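Structure first, commentary second.
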Amino acid sequence: MLPSFVLELHNLVDGHIKAPTITDFDEAMTFSHTKDAASGTTLTPLLATDPATVDVALATAHAVHVSKAWTALLAGPEREAIFERLAAALEARAENIRIAEMVDVGDRTAISGYGPMVLRNPDVLRDKSLKDEAEFVDMWSSLPNATGAIKAVPIGPVVVLAPTNAPLGSSLIQILSAIFYGCPVIVKPSPFAPHSFNVFAEAILAASLPQGLIQIVHGGAAVARRLISSPFTKGVCFTGSTSVGLQIAELCAPRLTPFVLELGGVNPFIVLPGADVALAVEGLLRTFLCVNGQYCCGATSVLVHASLRNTFVDQFLGAARKITIGDPRDEKNAMGALNMCISTTLHRAVAALLDAPGVTLLAPDTELPKNGFYAVPSLIEGVPDDVQVELFGPMALLRTFQTTDEAIALANAAPARLKTYVFGSDADRVAEGVDCGWFDVNQSEFENVASFDFSPLSGFGHADARFFTRRVLRN
């Protein structure tokens with residue numbers, strides 16, 4: 001029995017819950033309804049918010065900003081009480097958020113559990129590199145070792161465009177950072193994975209946040225364009241594909257609206273001579289198991305030294321065969337399902353690749369559930385070197401190389417690289433040669449120990465103090 005919060009859809013606008021009503025929009029032409037990733041059961045129609053309601057949300061966010069009522073609360077003791085109420089409301093609903101994301105995305109582990117910790121320790125959101133960062137927004141602070149003062153002024157309403165693969169998990173840190181720095185937020189969930197935001201809306205109302213501080217409007221690209229193009233919007237945060245990120249940058253250009261883009265890439269996974277092949281196979285499968293491969297840092301381009309190719313493939317198939325795949329509700333399954341849209345896109349891309357002569361699918365003979373959206377961990381061999389594609393699932397292209405220089409060239413041939421994995425003893429040379437912002441050497445870890453800058457086309461900017469505020473200097 002599915003819970004009610006995945007069988008309905010709600011906007012939260014100006015403190016009021018109201019269902020979106022538009023059914024005739026581009027994304028709904030492709031997928032008329034959302035579906036349970038694991039079973040394929042129909043959930044809710046794809047729905048979008050009408051333009052008038054979007055405009056109400058924008059006007060409400062603008063009114064919250066110009067009133068400065070929220071920034072006044074941030075400097076006083078009431079901030080702690082408000083953040084604690086929201087932390088408690090999220091904690092009380094953590095299991096429902098997890099279930100909603102599991103139903104939409106197919107992975108049993110929600111990554112949004114950090115919310116209460118951040119709300120109770122909001123200073124973790126500060127940028128330690130800014131030695132002169134003002135303690136509170138909209139208040140003058142004296143500069144250390146200098147005459148003068150500085151004031152951090154919130155930029156205004158921020159639009160957060162949530163992704164499909166980790167809907168609330170990826171966007172919550174942007175939402176909390178925005179309100180910490182004094183900016184009202186309008187969130188637009190992905191139309192293909194919207195249901196955790198029903199639970200989030202409940203938490204916002206239960207916490208009695210200032211009306212209009214955080215709003216939620218559902219829809220597709222048309223709603224996103226209306227939000228971004230509004231003169232009330234002063235910042236945009238997007239997590240998703242590079243192609244959509246470039247469209248957002250173009251929409252922001254006429255007003256020079258600041259934006260942060262967390263994108264992806266064709267991430268190289270390089271196995272050099274002398275590598276521990278078993279460790280490399282384990283590392284690759286770890287990237288496939290993270291959100292079932294629906295992960296921006298997942299390995300997409302596997303580059304193996306030619307001398308290790310047969311050993312690597314044999315060990316990959318043997319290890320992949322042991323992975324149990326099925327409904328994520330069953331703890332015995334190591335890999336769950338895929339979001340309906342991500343799965344459809346993945347399988348179409350793979351089918352197109354396999355249509356070409358000489359291309360081979362290397363996969364274990366794993367039996368998948370008859371219903372729902374699933375994929376077997378696989379390698380695709382024989383794809384020409386000039387074909388670069390981010391598969392976004394538990395699948396990757398396999399190519400071989402003879403020299404480290406050739407591996408570096410193959411890695412750099414991709415238009416974007418968010419993360420590079422290197423196994424073997426010549427990792428320093430690869431790290432110097434591959435244009436990438438994040439390297440893992442002889443491991444596959446998913447928590448970065450420090451912030452890093454994106455390589456070209458894999459992202460842009462950081463959702464931190466320098467994004468959410470303008471610093472005003474007074475001498």
Side-chain angles (χ1 to χ4, degrees), residues 242 262-290 293 295-316 319-320 362 377-460:
T242 298
E262 297 184 9
L263 309 176
V266 180
N267 300 317
F269 189 98
I270 303 173
V271 184
L272 299 166
D276 182 332
V277 173
L279 184 66
V281 166
E282 179 187 348
L284 177 60
L285 289 173
R286 283 198 73 195
T287 79
F288 285 0
L289 287 165
C290 183
Y295 177 49
C296 58
C297 289
T300 299
S301 177
V302 177
L303 307 173
V304 179
H305 190 267
S307 66
L308 300 177
R309 184 267 177 202
N310 290 347
T311 302
F312 184 88
V313 169
D314 288 346
Q315 292 196 22
F316 171 83
L362 305 171
S378 309
L379 298 173
I380 302 169
E381 191 173 32
V383 176
D385 291 348
D386 61 346
V387 176
Q388 301 286 341
V389 58
E390 182 183 11
L391 293 174
F392 214 70
M395 296 182 172
L397 306 184
L398 172 66
R399 297 183 172 103
T400 59
F401 61 89
Q402 296 289 346
T403 68
T404 301
D405 285 342
E406 185 184 354
I408 291 170
L410 286 169
N412 283 331
R417 295 156 300 281
L418 178 59
K419 187 174 183 180
T420 297
Y421 303 85
V422 189
F423 286 78
S425 57
D426 205 8
D428 288 347
R429 191 166 158 210
V430 172
E432 290 298 319
V434 176
D435 185 5
C436 189
W438 185 6
F439 291 84
D440 264 5
V441 178
N442 294 317
Q443 62 178 352
S444 296
E445 297 298 331
F446 308 124
E447 290 193 14
N448 44 311
V449 295
S451 63
F452 63 95
D453 292 318
F454 297 107
S455 57
L457 295 180
S458 69
F460 185 89

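This is a predicted model, so every value here is computed, not measured.
Side-chain contact between Val281 and Phe312 is present, with heavy atoms from C-beta onward closer than 4.5 Å. Annotation: side chain of Thr300 is in contact with side chain of Glu390 (closest heavy-atom distance under 4.5 Å). Side-chain contact between Val302 and Leu397 is absent, with no heavy atoms from C-beta onward closer than 4.5 Å. Annotation: side chain of Pro268 is not in contact with side chain of Tyr421 (no heavy-atom distance under 4.5 Å). A 4.5 Å side-chain heavy-atom check between Gln443 and Arg286 finds every atom pair outside the cut-off. Side-chain contact between Leu410 and Ile408: absent, with no pair of heavy atoms (C-beta onward) separated by less than 4.5 Å. Pro415 is listed as a side-chain neighbour of Gln388, based on a closest heavy-atom distance under 4.5 Å. With contacts defined as side-chain heavy-atom distances shorter than 4.5 Å, the pair Leu263/Leu418 does not qualify.
Salt bridge Arg399/Glu381: absent, no basic N to carboxylate O contact under 4.0 Å.
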- Passes side-chain contact (heavy atoms from CB on, under 4.5 Å), Val313 versus Leu398? Steps please. CA-CA 9 Å; Val313 169; Leu398 172 66; 3.7 Å; yes
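Dense packing is recorded around CG of Asp276, with more than 12 heavy atoms of other residues, nucleotides or ligands lying under 6.0 Å away. Taking a 6.0 Å sphere around CZ of Phe439, one finds it holds more than 12 heavy atoms contributed by other residues, nucleotides or ligands.
Side-chain atoms of Thr287 do not come within 3.5 Å of backbone N or O of Gly298 as any donor-acceptor pair. Panel note: side chain Ser458, backbone Gly265; no donor-acceptor pair is recorded below 3.5 Å. A donor-acceptor pair is defined here as one N or O able to donate and one able to accept, closer than 3.5 Å; such a pair exists between the side chain of Asn412 and the backbone of Gly433. Side-chain N or O atoms of Glu406 include one that pairs as donor or acceptor with a backbone N or O of Gln402 at under 3.5 Å. With Asn267 contributing its side chain and Cys296 its backbone, the two residues share a donor-acceptor pair below 3.5 Å.
In this structure, CZ on Phe454 lies 10.5 Å from OG1 on Thr242, to the nearest 0.5 angstrom. The distance from the CG atom of Asp440 to the OG1 atom of Thr420 is 9.5 Å, given to the nearest 0.5 Å. With rounding to the nearest 0.5 angstrom, the OG1 atom of Thr404 is 5.0 Å from the CG atom of Leu272. Note that the SG atom of Cys297 and the CZ atom of Arg417 stand 14.0 Å from one another [nearest 0.5 Å]. One finds the CD1 atom of Ile380 at 5.0 Å from the CG atom of Leu391 (value rounded to the nearest 0.5 Å).
Nearest heavy atoms, Gly264 versus Ala416: O-CB, 4.0 Å. Heavy-atom minimum distance, Val266 versus Ser301: CG1-CB, 3.8 Å. Shortest non-hydrogen contact noted between Pro377 and Ala320 is CB-CB, 4.1 Å. Residue Gly283 comes nearest to Ser444 through the heavy atom pair O-OG, 2.9 Å, listed as atom of the first residue, atom of the second, then distance.
Between Phe401 and His305, the two ring planes are perpendicular [angle over 60°; tilted spans 30° to 60°]. Classified by interplanar angle (parallel below 30°, tilted 30° to 60°, perpendicular above 60°), the ring pair Phe316/Phe288 is perpendicular.
Annotation: Phe269 is in aromatic contact with Phe423 [ring centroid separation under 6.0 Å].
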